[in-house]
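Some notes on the structure that comes next.
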Protein chains: 2
Amino acid sequence: MHTNTSTDSLEYKKYLAFMRSIADVPEDEAEKMAEVFRHEKLDKGQFFIRAGERPQTIGFIISGILRLYYLNDKGDEFTKAFCVENEMVAAYSALLLEEPSRLFIEALEDTSLLVAPYESYKRISSGHICWQIINQKMAEALIIKKEKRESALLMDDAAKRYLQFLEDYPGLEGKVKQYYIASYLGITPVSLSRIRSKLK
Amino acid sequence: MHTNTSTDSLEYKKYLAFMRSIADVPEDEAEKMAEVFRHEKLDKGQFFIRAGERPQTIGFIISGILRLYYLNDKGDEFTKAFCVENEMVAAYSALLLEEPSRLFIEALEDTSLLVAPYESYKRISSGHICWQIINQKMAEALIIKKEKRESALLMDDAAKRYLQFLEDYPGLEGKVKQYYIASYLGITPVSLSRIRSKLK
DNA sequence: GAAATTCATTAACATAGGTTAAGATTATTT
DNA sequence: AAATAATCTTAACCTATGTTAATGAATTTC
């Protein structure tokens, strides 16, 4: 489902407000960028992308929850991350490498997003320093986030990772199934339930 | 130990060749960048940075091996990564956040590197598109690498991670202690020894 | 080159987390 | 509201990895 986006749609205002919290974006640049984004909705259970598909787009989440996960050959799901409002979402590695995605990105709730073709996004953002600053900052933030996740997986046991999850995604605990949280922590739902019962 | 670097030192030639494999670097930019790098050597056991220190510099490894590791409150070491020739090295998160490093970066062998103050590096690299392309590509490569490591820690058991380590760091197996490899895999040296014996 | 130190291996036992299965809740459908 | 289905909890047992300790091999020191 596609809807044109204009600079004064509520959704684009939210996008722009977020980007302007990172760097100044002149009005004409804001207008150029608005043209490449479309407003889309994903119903709960729908996919932003599936493994095997070549990603072409990036998204900005207005509301809702997405889950990024891998599926191994045995059929086990591993949740790489959750994405919530005010976050960019993409099968980033695959997009950069121009390869099929290894990730599924699925809506855990009805989700509203702005979506742009990556090529268009790159074209606009290479045209003005403000987007380059924004992209640089977002890449840095991503690296910092990944570094944190990586060190948690390396150093912390499941109970500690669970407590960290509660801090990192406030409110998500009540909204999504334990199965998803467990697969994010790298454990089974049974094990998560045990951990939760010990904490009470 | 500091030594000035010129565009025709062997070390800087190696740096430049690597960067030119990513993007065209005009001669005058190469000369500007040469001025901010100094050639340094770390003896085996010396540190590029210690946890608690504020990182100011980035390095490019000419030869040798560095180990990036965390230390938890119990005194356990966790190896985040190894760095070898033709790689940039820095306490990257801390550098971006302007915070003290949580990482130790230690030479596992006598190591030769080019080192630049991060501020100087940023100043030069913001002055020409070629460096921005290079930085962008290196950030992307870092994200891809981290994504791979993250998914391995989440999805794979220790034996599979060990086999992946052998692929990712060819030759390192014979050069560094099993203790370091084990701490990279998130297991104990005893467990690594068991895994190795089962593979034979 | 002998002694001392460090490192890798192996074994015995402990523990965290996985697996399966049975109830107990909660949510969904009719 | 009853019936069904999905989810969460608990328990019993299993497996991978941790812990400690003993031994052997390799390296360093004197």
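Residue numbers begin at 1 in each chain, while the letters A, B, ... track the order of the sequences.
Considering only heavy atoms from C-beta on, B:F82 comes within 4.5 Å of B:F165 through its side chain. When side chains are defined from C-beta on, B:L16 counts as touching B:V25, because their heavy atoms get closer than 4.5 Å. B:I105 has its side chain within reach of B:V89: a pair of non-hydrogen atoms, C-beta onward, lies under 4.5 Å apart.
Under 4.0 angstrom from either OP1 or OP2 of D:dT9 there lies at least one side-chain N or O belonging to A:S193. Distances shorter than 4.0 Å separate none of the side-chain N or O atoms of A:R194 from OP1 or OP2 on D:dT10.
Computed from coordinates, the A:D76 CG to C:dG17 C1' distance equals 14 Å when rounded to whole Å. Atom NZ in B:K160 sits roughly 21 Å away from atom P in D:dT15 (whole-Å rounding). Atom CZ in B:R196 sits roughly 8 Å away from atom P in C:dA8 (whole-Å rounding). Distance NZ (A:K175) to P (C:dA27): 16 Å, rounded to an integer number of Å. Going from atom OH of B:Y162 over to atom P of D:dT17 covers 14 Å, rounded to whole Å. Here C:dG17 presents its P atom at 7 Å from CZ of A:R161, a figure rounded to the nearest Å. One interatomic measurement links the two molecules: CG of B:L154 to C1' of C:dG17, which rounds to 15 Å at whole-angstrom precision. Taking atom CG of residue A:D157 and atom C1' of nucleotide D:dG18, one finds them 12 Å apart after rounding to whole Å.
Sorted by residue number, the members of residues 177-187 of chain A with any non-hydrogen atom under 4.0 Å from DNA chain C read A:G186, A:I187.
Checking B:I195 against B:V190, the closest nucleotide of DNA chain D that is more toward the 5' end is the one next to B:I195.
Taking every side-chain heavy atom of A:S197 into account, D:dT10 is the closest of D:dT10, C:dA11, D:dG18. Taking every side-chain heavy atom of A:S191 into account, C:dG17 is the closest of C:dT19, C:dG17, D:dT19.
A:L42 is not connected to A:Y15 by any chain of hydrophobic side-chain contacts under 4.5 Å among Ile, Leu, Val, Met, Phe, Trp and Tyr, and they are in different clusters.
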Self-check item: Test log, rule salt bridge (charged side-chain N to carboxylate O under 4.0 Å, His left out), inputs B:K146 and A:E147
Solution: CA-CA 8 Å; B:K146 282 179 167 297; A:E147 200 142 311; 3.0 Å; yes

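The aromatic rings of B:Y118 and B:Y121 sit parallel to each other, their planes meeting at less than 30°, with 60° as the upper class boundary.
Nucleic acid contact class of B:A158 (heavy atoms, under 4.0 Å, all strands): sugar-phosphate only.
In this structure, B:R67 fails the cation-pi test against B:F48, since its NZ or CZ atom is not both closer than 6.0 Å to the six-membered ring centre and inside 45 degrees of the ring normal.
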